[in-house]
Novice: 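Would you mind keeping the following structure in view while I ask a few things?
Whatever order the structure lists ligands and atoms in, that order sets their numbers, starting from 1.
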Amino acid sequence: MSGTFYNEIERIRSGTHARIDLGAYASNIRVLRSIVGPGVALMAVVKADGYGHGAVESGRVAIEAGARMLGVARIQEARYLRRAELNCQIVVIGPPTINEIRHAIEQDITLSIGSVQALDGVLANVGEGRVATVHLEVDTGMNRYGFAPEDVVGVIDMISGHTSVTVEGVYTHFSSADETDPAPTTAQIDRFRTVVDELTARGLRPPFVHTGNSAAVLTERVDGTNLVRCGIATYGLSPSDEVTVDERFQPVMSVRSVVARRGVLRSGEGVSYGLTYRAEEDEHVAAVPVGYADGLPRRLRNQGWFVVDGTRAPIRGSVCMDQTVVSVPDGAREGDEVIVLGNGSSGEMTFDSIAGMIGTVNYEVATRVMARVPRLYLRAGAPVAWERVLTGERGRIDD
Ligand SMILES: *Cc1c(COP(=O)(O)O)cnc(C)c1O
C-alpha cells in the first residue's frame with residue numbers, strides 16, 4: 001500500500017496543494033491545554049473544514065493531543081466527520097438545521113440549542129429509544145444566537161422533565177474577546193455568571209460551563225468555566241491584531257504550487273485580464289495554477305507576491321479564477337516550486353499579511369482555501385496523509 005501512498009503524495013506535490021503540519025497543530029493544542037490547566041477541557045473547533053486546514057485529520061490529531069471533543073458549526077459537518085470514522089464527541093456550536101436534528105441525534109452528535117424552535121426540534125425527535133445531548137447557548141450580549149438569560153432556568157427546568165434529553169453544557173459566546181478593552185467581555189461574564197449561579201442554586205447546573213474562544217483563553221478571561229472552545233489559535237493564528245498568539249504557537253498551513261509556464265513579458269506588454277500591469281522593461285514571468293477559486297483573493301491584483309527559488313515573485317496583473325502570473329527571477333524554470341503562502345519564514349505571504357492587504361481577518365482568508373486544493377498532511381516534515389476533498393478520496397500512511 002505504501003507505494004500507492006507515495007505515488008499519490010508525488011502527484012499532489014506536483015500541483016497546487018496545501019501542506020498541513022499536524023505536528024505544529026498538535027503542539028498548539030498542547031500549548032492551549034497548558035494555558036487553561038488540567039481542570040479545563042478543550043473543544044477543538046474544526047468548523048469550516050478545520051478553518052480550511054482539513055477537519056478530518058485535524059480533528060483526529062486534536063483528540064490524540066488531548067482535546068476532549070470537537071466543535072463544528074453545522075450538523076452536516078459533524079456527519080462528515082462521523083463518516084470519516086471520528087467517533088469522539090462532536091458538538092454543533094450554533095443553530096442546528098431543524099430538519100437535520102433527527103440525523104444528528106441518530107449519530108450521537110451533541111447539539112446546541114439557543115432558540116425555541118431548536119428546543120422544539122430536539123423534543124420532537126427524541127424518544128423511541130433515542131437520547132439527545134445538548135448544550136444550551138445563552139445570549140449575554142452578542143445578540144446573535146441563544147436564549148435570553150432570564151429564560152434559561154425555565155428551559156433547563158423544562159428539559160429536565162424529559163429523560164431522553166441530557167443538558168450537558170451551558171455556554172455563552174463573546175462578541176469582543178479579541179479586543180484590548182475588557183469591558184464588553186466583563187459585562188457578558190457578569191450576565192452569564194448570574195445565570196450559572198441560579199442554575200447551581202437550583203441544582204440544575206450542567207457538567208460543562210463554557211465561554212472562552214481562543215481570544216478569551218489567550219487573555220485569560222475564562223475564570224469559573226471548565227471547557228474552552230478554541231479554533232483560530234489551534235491553527236497557530238492570532239484572533240486579531242490586538243490579541244495575538246505568542247511564539248509558542250506555530251502556523252500550520254502553507255499553500256504551494258508550481259511554475260506551469262515561464263515566459264518573457266516584453267517591455268510595454270500587459271498581462272492577465274484587463275492588462276492592468278504593463279512591463280516597463282522585459283521581465284521573466286511565470287504562470288502559476290492558483291487563483292481566486294482556490295482561495296487566493298482576487299484583490300491581490302498587482303499587490304501580493306509568491307516566493308519562487310527563495311525570491312519574492314510579485315503578482316503581475318489580475319488574479320484569475322485558476323491562474324496567476326508573477327514576475328520571477330531569471331533562473332526560474334517550469335516545474336519549480338512556488339510558495340503561495342505560509343508562515344512567512346521564506347518571505348512569503350501569511351494569512352495575516354493577506355488579511356491586512358485586503359481588509360479582512362485571517363479567519364476569512366484561511367477558510368477560503370477551497371475544496372479543490374488537495375491537502376498533504378505532514379509530521380516532522382514527512383507526509384502521513386493526503387486528502388482530495390473534491391473527489392472524496394483520502395489516504396493515510398498507516399492504512
Ligand atoms: C467559531 C467559534 C468558536 C471558536 O472561535 P476562535 O476565535 O476560532 O477560537 C468558539 N465558539 C463559538 C460559538 C464559535 O462559533
Novice: For residues 183-195, pull every pair meeting salt bridge (charged side-chain N to carboxylate O under 4.0 Å, His left out), keeping only residues two or more places apart or in separate chains.
Specialist: none
Novice: Contact residues of ligand 1 with a heavy-atom cut-off of under 4.0 Å?
Specialist: Val45, Lys47, Tyr51, Ile93, Arg144, His173, Asn213, Ser214, Arg229, Cys230, Gly231, Ile232, Tyr363
Novice: Given the rule in the salt bridge (Lys or Arg N to Asp or Glu O under 4.0 Å) test, do Arg130 and Asp108 qualify, once you have shown the distances and angles that lead to the verdict?
Specialist: CA-CA 9 Å; Arg130 280 194 298 269; Asp108 202 21; over 6 Å; no
Novice: If we only count heavy atoms from C-beta on, is the Arg396 to Arg60 side-chain gap below 4.5 Å?
Specialist: yes
Novice: Would you name the heavy atoms of Ser267 and Glu280 that are closest together and state the gap between them?
Specialist: OG-O, 3.2 Å
Novice: Can you tell whether the side chains of Arg74 and Glu77 come within less than 4.0 Å, N to carboxylate O?
Specialist: no
Novice: Going from CG on Asn213 to CD1 on Ile232, what distance comes out if it is rounded to the nearest 0.5 angstrom?
Specialist: 10.5 Å
